[in-house]
**Q** 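If you scroll down you'll find the structure; I have some questions about it.
In what follows, chains are A, B, ... by sequence order, proteins preceding strands, each numbered from 1.
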Amino acid sequence: MSAKIDQATAITRRQLLRRCAGTTLAVSAVGALTACGSTAGTPLAPTADLPADGDLVYLDVATSERNLIARYTETLAAHPQLAPGLQPLLQQHEEHLAATGVQVPDPPTLAPPSDIRSALGALRQAELTAAVERRASCQRASEPELVRTLTFIAASEASHIAVLKSIGEDR
Amino acid sequence: MSSQKARAIAVAGEDAAIYAYGVIGAVLTNTDRRRALAALRAHQSWRARLAAALPAGTAPAPGIAYDFPYPVTDGEQAVHLAQLVENRLVVVYADLAAAATGDERADAVLAASECATRAVVWGAPSQAFPHGA
């Protein structure tokens, strides 16, 4: 058993950095890992009367992403000069929302702070809240592929906090 | 994938990252070198934590050397390698999170978040689903 693990990890270790060489290689490496992940674990069998826990987690994530999209959209409308920094983050939240496959209504509108630094601080706080919520979602999810997706979303949102901080420092 | 196998792969990934940061830190200077050394310590800490969770004697041994995708001889290459290493590890930790449960899963999500954050701090663009490219 340990020999097998050593063999498998020796390959992974050698390939980890090599696979960083270019987009195509990296994407194929991710694809290979996805294929491994999809064979692991047992999907939760939904009951007839209640939505599967995965469905509830997706709904929570979709609600949270829709909320973040609204905050970014409002902030961009109030501070269009932030577009170069904020547009990519907004786009990434739209990708997170699309990954849930769930439609949720828009949240109530909220006027962003008129001061740019405060507006960026409000977005940082919203991202922090979302990242913490995604970590909690991971504990409630059973299906491995869902946990994997949520981990990527949590990591993406955590990284957004650093992006927003650097945008704030430039001002 | 079993959680034990995913854990062993994460140990191997951290070994590669630790080796890479040794080279990255040697090439960089001043603030960037301090940042590389802080990242090195973080990866050493996660490596120790993961290895402690494996049955005695089953943690993969670190490689003597690792292949880089390109020579790392200047600051720009070193910074780019740091971005790649961090984003690749996000994928490794996402696999561990999917295979693990409870505290180990929570740790894997946290480690993935730290790696994605360090990639961005090293200047990589943020990604919706962070991976190596």
Side-chain angles (χ1 to χ4, degrees), chain A residues 1-2 4-6 8-10 12-27 29-30 33-34 36-37 39-41 88-89 91-96 99 131 134-135 138-139 143-163 165-166, chain B residues 1-2 4-6 8-9 11-13 15-17 19-20 55 57-58 60-63 66-70 81 84-85 87-100 102 105-106 108-110 112-121 124-133:
Chain A
M1 183 62 196
S2 66
K4 273 188 183 170
I5 289 173
D6 287 347
T9 52
T12 304
R13 190 188 304 145
R14 293 174 79 87
Q15 290 181 344
L16 173 72
L17 297 167
R18 196 178 296 148
R19 280 177 177 172
C20 295
T23 309
T24 312
L25 281 177
V27 168
V30 172
L33 289 167
T34 305
C36 287
T39 60
L89 307 185
Q91 171 66 35
Q92 285 158 27
H93 287 300
E94 283 168 350
E95 289 179 49
H96 296 161
R134 288 303 69 74
R135 291 211 281 274
C138 284
Q139 293 299 321
E143 212 233 315
E145 270 312 302
L146 173 55
V147 175
R148 201 168 179 278
T149 302
L150 292 172
T151 304
F152 283 122
I153 294 176
S156 174
E157 287 170 350
S159 78
H160 286 182
I161 298 166
V163 175
K165 192 161 175 260
S166 82
Chain B
M1 197 189 320
S2 72
Q4 191 169 317
K5 180 166 184 188
I9 289 173
V11 168
D15 281 333
Y19 179 88
T58 63
Y66 295 81
D67 295 328
F68 293 149
Y70 41 76
L81 181 64
L84 291 172
V85 165
N87 273 330
R88 278 296 298 142
L89 273 176
V90 177
V91 181
V92 171
Y93 276 113
D95 286 336
L96 177 58
R105 179 184 289 176
V109 181
L110 186 60
S113 300
E114 286 184 11
C115 291
T117 299
R118 275 192 295 268
V120 162
V121 170
S126 64
Q127 302 175 50
F129 302 95
H131 63 280

**Q** Do B/Ser113 and A/Arg135 have side chains that approach each other closer than 4.5 Å (heavy atoms only, starting at C-beta)?
**A**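 When only atoms from C-beta onward are counted, A/Arg135 and B/Ser113 do touch, with a gap below 4.5 Å.
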**Q** Using heavy-atom distances under 4.5 Å, tell me whether A/Ala99 contacts chain B through its side chain, its backbone, both, or neither.
**A**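 Interface part for A/Ala99: side chain.
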**Q** In chain order, what residues pass the side chain to side chain contact (heavy atoms under 4.5 Å, CB included) check against B/Val121, with sequence neighbours excluded?
**A** A/Ala162, B/Arg35, B/Thr117
**Q** What residue, out of B/Ala116, B/Ala100, B/Ala6, B/Ala108, has the most heavy-atom pairs lying under 4.5 Å from chain A?
**A**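 Looking at each of B/Ala116, B/Ala100, B/Ala6, B/Ala108 in turn, B/Ala116 comes out on top.
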**Q** Using a 4.5 angstrom heavy-atom cutoff, name the option from B/Leu110, B/Val11, B/Leu96 with the most pairs to chain A.
**A**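 Result: the option with the highest number of such pairs is B/Leu110.
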**Q** Between A/Phe152 and B/Pro130, what is the shortest heavy-atom contact and its length?
**A**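 Heavy-atom minimum between the residues: CE2-O, 3.2 Å.
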**Q** Which atoms of A/His96 come close to chain B, meaning under 4.5 Å heavy atom to heavy atom: side chain ones, backbone ones, both, or neither?
**A** both
**Q** So, do B/Phe129 and A/Gln92 sit near enough that their side-chain heavy atoms are less than 4.5 Å apart?
**A**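 The answer is no; the side chains never approach within 4.5 Å.
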**Q** Sequence neighbours left out, what passes salt bridge (Lys or Arg N to Asp or Glu O under 4.0 Å) with B/Arg118? Give chain and number order.
**A** B/Glu86, B/Glu114
**Q** Grab the two heavy atoms, one from B/Ala128 and one from A/Ser156, that are nearest each other, plus how far apart they are.
**A**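 In this case the closest contact between B/Ala128 and A/Ser156 is O-CB, 3.3 Å.
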**Q** For B/Arg105 and A/Cys138, indicate whether the former's side chain and the latter's backbone hold a donor-acceptor pair under 3.5 Å.
**A**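 Yes: the side chain of B/Arg105 pairs with the backbone of A/Cys138.
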**Q** Once you round to the nearest 0.5 Å, how far does CD of A/Gln91 lie from CD of B/Gln127?
**A** 13.0 Å
**Q** What option among A/Ile153, A/Val147, A/Leu89 has the most heavy-atom pairs under 4.5 Å with chain B?
**A**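 Heavy-atom pairs under 4.5 Å are most numerous for A/Val147.
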**Q** Under 4.5 Å, counting heavy-atom pairs only, tell me which of A/Ile161, A/Leu150, A/Val163 racks up the most with chain B.
**A** A/Val163
